[in-house]
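Structure record follows, encoded as structure tokens.
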Amino acid sequence: MLGRRHVLHPQARLERGSTRMQPFALVDCNNFYVSCERVFNPRLEGKPVVVLSNNDGCIVARSNEAKALGIRMAAPWYQAEKEARRQGIACFSSNYALYADMSARVMTVLGQFSPHQEIYSIDECYLGFAGFESRDLVAYGQEIRHRVKQWTGIPVGIGIASTKTLAKLANHTAKKQERFAGVCDFGRFSSRDLDALLEGIAVIEVWGVGRKTHLRLQKMGIHTALDLKRSDRRQIRAQFSVMLERTVAELNGLSCIDLEEADPAKQQIISSRSFGRPVCCLQDLSEAVSSYTLRAAEKLRAQGSVASSIGVYILTNPFKPETPQYQKTFVVPLAKPGDDARVLVQAALKGLGHVYREGFQYKKAGIVLMGLERKSTRPRTLFDDPVSEARSTRLMHLMDTINARMGQGTLTLAASGTHKTWRMRRGRKSPDYTTCWEELPRVLAGGPRHPLFDTRKDSP
DNA sequence: ATCACGGTTTGCA
DNA sequence: CTAACGTGCAAACCGTGAT
């Protein structure tokens, strides 16, 4: 699914490549969001299921059965709905609280299988297998799959290879070809066999090759993963970027992209959301912008950073060109870098005042925290007030602690509103099985069932 | 000619 | 029934002004 893409890497490595050959494993949860829903509703097993993006916008996860029925990834729901209903496909709004919680459980289990783990996205992680070479890595992979399934209910696939890019392709192979039973180790392949396999993989499947790059590569006659592997690195660099050059090196077994075990602090933090309905009035926009700012500020503090400015943007619906279009961004510098929700919200609302125009139907708003630096190393000035800073820090810590314990939004600011009629659509959300006590009655009242707690026979 | 910057666009997942 | 196309991030790019 989604994840961070490469981060910069010393140039020397690109020239020489890694001297040590350490295997990487890429563990990827199968159809992750769908699998999460199935853990708590086993009747969905074997049935076509899809999960929708925020605001029930488009399809972001499909079960194998849904894929087989020709349901396309990223299909706008309002277009796909009719056909999906006709085919009896189960559909869920996304429930990120549930998926994040399940992800944390999966990652914890996976972390027990290697001292080196990079959590790459909500449903994927790399494990470093340096020093494991004497093991039977395929058998080890099967052990991992089995335990993750047993302890969390989530099925995973595993690809193993000498570079992260190849491990991704190995993972792809593990899922595509039945005979691998969910674990594929390129280390087991002769170079001839590996090339034959790469020849059968479209270049778009390669990590870092997206729609645009795919198109340009095709025009150059590069169609398969093997074509890209055999391409001229310098030419790729000249016509594309160092990133793609690294990809080529990695396809050739030259490891250029390290495991990133500590996730680097973000340079900017964005929080944005589409509205459930068109929004016109400043009051609603203020509430939305305040809510988004609170969430971004929470992330900011979680990574121990302070922001030096905050950008605010609002826009109308670009998919409705017949309505008046408008979009604007405004950046508010902060007097001094900070992480206090109250200060950030105040700045955000000031920014909103600059971008807001009456008479438009707004579809989406967002904020961006920029100019981030480590709180601990930020420069201090004579005008800092240690007492009020300590007070702010204590209050923010209290908010973060309560919200972590009692659920997001338990303690908030009045500015973020209470009715939130602008909130995104998510009418098909499943209960927050693992993260919300209030959902328990709904869970127990004959709704979807948990396999461990429910002994009723499945009805046909 | 080169650099640093800030804002915008592009691309990826 | 309404109406209806996501989000987060960083690299690359580009124009500007300073040196």
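Sequence lines set the chain letters: A, B, ... in the order given, protein chains first and strands last, and positions in each chain run from 1.
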A/Arg216 NZ/CZ over A/Phe240 ring centroid, <6.0 Å and within 45° of normal = yes

Would you find more than 12 non-hydrogen atoms of other residues, nucleotides or ligands less than 6.0 Å from A/Gln346 atom CD?
-> no

Which pair of heavy atoms, one from A/Gly141 and one from A/Ile158, lies closest together, and at what distance?
-> O-CD1, 3.4 Å

Send over the distance from A/Ile257 CD1 to B/dC12 P, rounded to a whole Å.
-> 14 Å

Presence of A/Lys266 side-chain N/O under 4.0 Å of C/dG8 phosphate oxygens OP1/OP2 | no

Think A/Asn317 has a side-chain N or O under 4.0 angstrom from the OP1 or OP2 of C/dC5?
-> yes

Name the residue closer to the 5' end of DNA chain C, choosing between A/Lys363 and A/Ala265 according to the nucleotide with the nearest heavy atom.
-> A/Lys363

Starting from C1' on C/dT7, measure out to NZ on A/Lys364 and report it in whole angstrom.
-> 6 Å

A/Thr410 versus A/Met406, closest heavy-atom pair with distance | OG1-O, 3.2 Å

Testing A/Met102, A/Arg428, A/Glu37 for side chain to side chain contact (heavy atoms under 4.5 Å, CB included) with A/Asn95, which one passes?
-> A/Glu37

Verify ring pair (Phe, Tyr, Trp, His ring centres under 6.0 Å) between A/Tyr96 and A/Tyr33, making sure each step is shown before the conclusion.
-> CA-CA 9 Å; A/Tyr96 279 98; A/Tyr33 298 166; 5.5 Å; yes

Can you tell me, in whole Å, how much space there is between the C1' of B/dG11 and that of C/dG6?
-> 16 Å

C/dG6: pairing nucleotide in any strand, Watson-Crick or G-U under 3.5 angstrom = none

Looking for any heavy atom pair under 4.0 Å, which part of the strands does A/Asn54 touch: base, sugar-phosphate only, or nothing?
-> sugar-phosphate

State which residue, out of A/Val306, A/Ile310, A/Ile270, A/Leu334, fulfils the side chain to side chain contact (heavy atoms under 4.5 Å, CB included) condition with A/Leu369.
-> A/Ile310

Reckon A/Thr213 touches a base, only the sugar-phosphate, or nothing at all at heavy-atom distances under 4.0 Å?
-> sugar-phosphate

Between A/Ser241 and A/Tyr313, just flag the one whose closest nucleotide in DNA chain C comes earlier from the 5' side.
-> A/Tyr313

Using whole Å, report how far CG of A/Leu52 lies from C1' of C/dT7.
-> 15 Å

Quick one: label A/Arg211 by what it contacts on the DNA or RNA (base, sugar-phosphate, nothing), any heavy atom closer than 4.0 Å.
-> sugar-phosphate

Using heavy atoms and a sub-4.0 Å distance, could you list which residues of residues 267-274 of chain A are near DNA chain C? By number, please.
-> A/Gln267, A/Gln268, A/Ile269, A/Ile270, A/Ser271, A/Ser272, A/Arg273, A/Ser274

Rounded distance (Å) that lies between atom C1' of C/dG8 and atom CG of A/Leu369 | 13 Å

Nearest to the side chain of A/Val242 - C/dG8, C/dC5, C/dA12?
-> C/dA12

Length of the line joining A/Ile122:CD1 and C/dT7:C1', which is rounded to integer Å = 12 Å

Do the ring planes of A/His354 and A/Phe330 sit parallel (below 30°), tilted (30 to 60°) or perpendicular (above 60°)?
-> parallel

How long is the line joining CG of A/Leu244 and P of B/dG11, in whole Å?
-> 12 Å

A/Asp263 CG to C/dC9 P, straight-line distance once rounded to whole Å | 11 Å

Can you tell me if the side-chain N/O atoms of A/Lys168 get under 4.0 Å from OP1 or OP2 in B/dA13?
-> no

Going by the angle between their ring planes, with limits at 30° and 60°, are A/Phe189 and A/Phe180 parallel, tilted or perpendicular?
-> parallel

Think A/Lys212 has a side-chain N or O under 4.0 angstrom from the OP1 or OP2 of B/dT10?
-> no

To the nearest angstrom, the CD1-P distance between A/Ile367 and C/dT7 comes to 14 Å

Going by number, which of residues 322-345 of chain A have a non-hydrogen atom under 4.0 Å from DNA chain C?
-> none

Of all heavy-atom pairs linking A/Ala170 and A/Cys184, the shortest is O-CB, 3.4 Å

